[in-house]
Asker: 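I have a structure here, written as structure tokens, and I will follow up with some questions on it.
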Amino acid sequence: LHDTLPISVDTGSTTGFKGGFFVDDRNQDNSRVSVKPILSFEYHPPGTRLIMGTIENQDRHGFLEPLENETLSLTRPVEYGLQWLQKDEGFHSDVFLDWQQVDQPGQDEIFDYGAVLTANLSPEAQIEMQLHGYHEGGRIFNIRVVNNYNPALGIRLKEDLGFWGESRLDLFLVTSSDFEGKFDIGPNWGRGIYARASVTPGGLLELYGLYWNAQDFFSEEGDPNYNSVGLNPSFTRSNRDYLEAGLKEDFTLDPGIQFEAQVKSGWADEFWGWAFHLTAEAPFDIEMPFQGRKTQVKEGPDAL
């Protein structure tokens, strides 16, 4: 169970603060409840949002599953750092730095950063570049440093197929480098091919299929199904194949309330498994316009 209570305060026509709390209660059998602060300053001229503090991370910034695991939506729902969001006709961007842990004695610094840039080639085609990076270590109190980089470049296509509804095809070439990684085995460079196709028969459920083939690929925060290195670092498989098929439905119950249902089946090498999830998102805001103090200036002999 997640809940937020954001309070927005406008400090000008293009600036403002957002504050509040985020409450996370994952298991009713466990009485521990996590409470995290929400506080950010935002500069938002038309089409642009520059954020410092609590950043926006809906849908994991739009990252592919090999770059960021879907479970991060639940395990890391709040992120802090810097962000540039741009939304123009034909171009979208999400560039961010997420600081997870500061460097201090007995604790490594941890931060991840990335960018998702999308440009329209036509109403039916988009080209997209993604980059996700992960850093752990810090040389002030610690010696060991971890750096992992995952760039991706691809194209997204969509078309109306009548009864089959809107069809989509996503094709991406993904690479990885792990020069100073947690795992000393395996090559520094890796690559993968990501393909996802979907249709929505009758405009109802989305029926999709996903294919992944990789060679020596590793992403620190990516879905382990896509990695050549296992959760146990002693297990590696240079060439990886992963296939997934599933049904997904996103719909709005009331304005602003989103509901998502998904069931999927996956094949990783010779292993098979299935999963499902149900999520509901019901945000609410409290707006508090901020009126700055006005000073009246006098003219004439009595002016100060």
Side-chain angles (χ1 to χ4, degrees), residues 1-4 22-34 56-79 116 130 132 152 156 158 161 163-172 174 192-214 217 219-227 230-232 237 240-283:
L1 173 64
H2 301 301
D3 197 8
T4 58
F22 183 92
V23 181
D24 184 0
D25 183 9
R26 300 187 191 175
N27 191 337
Q28 291 184 344
D29 295 332
N30 189 339
S31 59
R32 296 178 59 184
V33 176
S34 174
E56 302 283 345
N57 64 348
Q58 189 166 355
D59 298 326
R60 307 176 335 276
H61 303 279
F63 281 127
L64 302 175
E65 297 89 335
L67 274 62
E68 274 210 356
N69 198 340
E70 288 181 299
T71 58
L72 286 174
S73 298
L74 301 175
T75 60
R76 196 171 72 208
V78 178
E79 296 179 344
V116 177
Q130 298 191 359
H132 184 266
R156 298 184 185 270
K158 63 180 180 180
L161 297 182
F163 169 78
W164 293 101
E166 184 178 75
S167 64
R168 292 181 175 269
L169 176 63
D170 301 333
L171 295 172
F172 280 83
V174 187
I193 297 176
Y194 175 97
R196 187 184 189 277
S198 66
V199 293
T200 53
L204 301 175
L205 295 174
E206 178 190 27
L207 173 63
Y208 74 89
L210 185 153
Y211 171 75
W212 168 259
N213 175 263
F217 181 84
S219 173
E220 177 67 37
E221 293 195 332
D223 189 326
N225 286 319
Y226 298 79
N227 284 339
L231 295 177
N232 183 343
R237 177 168 290 180
R240 292 299 313 279
D241 287 300
Y242 177 70
L243 292 91
E244 182 178 299
L247 295 170
K248 184 178 180 181
E249 173 66 2
D250 298 308
F251 53 91
T252 302
L253 297 179
D254 283 315
I257 300 180
Q258 301 293 323
F259 186 84
E260 179 183 304
Q262 183 179 11
V263 58
K264 60 184 179 181
S265 179
W267 294 264
D269 305 314
E270 67 271 19
F271 301 101
W272 171 83
W274 69 278
F276 72 92
H277 74 251
L278 301 171
T279 59
E281 182 177 347

Asker: Using side chain to side chain donor-acceptor pair (under 3.5 Å) as the criterion, list what pairs up with Asp223, not counting sequence neighbours.
Answerer: Asn225

Asker: Checking Arg196 against Tyr208: charged group under 6.0 Å from the ring centre and within 45 degrees of the axis?
Answerer: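 Yes, Arg196 sits over the ring of Tyr208.
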
Asker: Just wondering, do Ser73 and Thr71 contact through their side chains at under 4.5 Å, heavy atoms?
Answerer: no

Asker: Are the side chains of Ile193 and Phe172 in touch, meaning some heavy atoms are under 4.5 Å apart?
Answerer: no

Asker: Using modelled atom types and a 3.5 Å cut-off, is there a donor and acceptor pairing between side-chain atoms of Ser265 and backbone atoms of Ala245?
Answerer: no

Asker: Measuring from atom OH of Tyr226 to atom CZ of Arg240, what distance do you get when rounded to the nearest 0.5 angstrom?
Answerer: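 Between Tyr226 OH and Arg240 CZ, I get 10.5 Å after rounding to 0.5 Å.
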
Asker: Taking side chain as C-beta onward, heavy atoms only, is Asp250 less than 4.5 Å from Phe259?
Answerer: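 Heavy-atom side-chain distance check fails, nothing below 4.5 Å.
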
Asker: Does any part of the side chain of Tyr242, heavy atoms only, come nearer than 4.5 Å to the side chain of Asn213, both counted from C-beta?
Answerer: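 Contact flag for Asn213/Tyr242 side chains = no.
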
Asker: For the CD atom of Glu221 and the CG atom of Leu72, what is their distance to the nearest 0.5 Å?
Answerer: 5.5 Å

Asker: Write down the atom of Leu64, the atom of Arg60, and the distance for their closest heavy-atom approach.
Answerer: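 Scanning both residues completely, I find the closest heavy atoms to be C-NH2, 4.1 Å.
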
Asker: I'd like to know if the side chain of Glu206 pairs up with that of Ser198 as donor and acceptor (distance under 3.5 Å, no hydrogens or angles considered).
Answerer: yes

Asker: With heavy-atom distances below 4.5 Å as the criterion, would you say the side chains of Glu65 and Leu210 are in contact?
Answerer: yes

Asker: Is there a donor-acceptor contact under 3.5 Å linking the side chains of Tyr211 and Glu244?
Answerer: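 There is no such pair (donor and acceptor under 3.5 Å, judged by atom type) between the side chains of Tyr211 and Glu244.
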
Asker: Would you sort out whether Phe63 and Gln130 count as a side-chain contact (heavy atoms from CB on, under 4.5 Å), showing the intermediate values?
Answerer: CA-CA 7 Å; Phe63 281 127; Gln130 298 191 359; 3.5 Å; yes

Asker: Do Glu260 and Gln258 have side-chain heavy atoms sitting under 4.5 Å apart?
Answerer: no

Asker: Check whether Asn57 reaches the backbone of Pro77 with its side chain - one donor and one acceptor, N or O, closer than 3.5 Å.
Answerer: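 Yes, the answer is positive, given that a donor and an acceptor are paired below the 3.5 Å cut-off.
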
Asker: Can a salt bridge be assigned to the pair Glu68 and Arg76 using a cut-off of 4.0 Å between side-chain N and carboxylate O?
Answerer: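 Yes, this pair counts.
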
Asker: Taking Thr200 for its side chain and Glu166 for its backbone only, find out whether a donor-acceptor pair lies under 3.5 Å.
Answerer: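 Such a contact is found between Thr200 side chain and Glu166 backbone.
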
Asker: Roughly how far, to the nearest 0.5 Å, is CG of Leu243 from CH2 of Trp272?
Answerer: 14.0 Å

Asker: Using 0.5 Å steps for rounding, measure from the CG atom of Leu74 to the NE2 atom of His277.
Answerer: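 It comes to 8.0 Å.
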
Asker: To the nearest 0.5 Å, what is the distance between NZ on Lys158 and OG on Ser167?
Answerer: 10.5 Å

Asker: Drop me the distance from Asn227's CG to Trp212's CH2, to the nearest 0.5 angstrom.
Answerer: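 Here the interatomic distance stands at 8.5 Å.
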
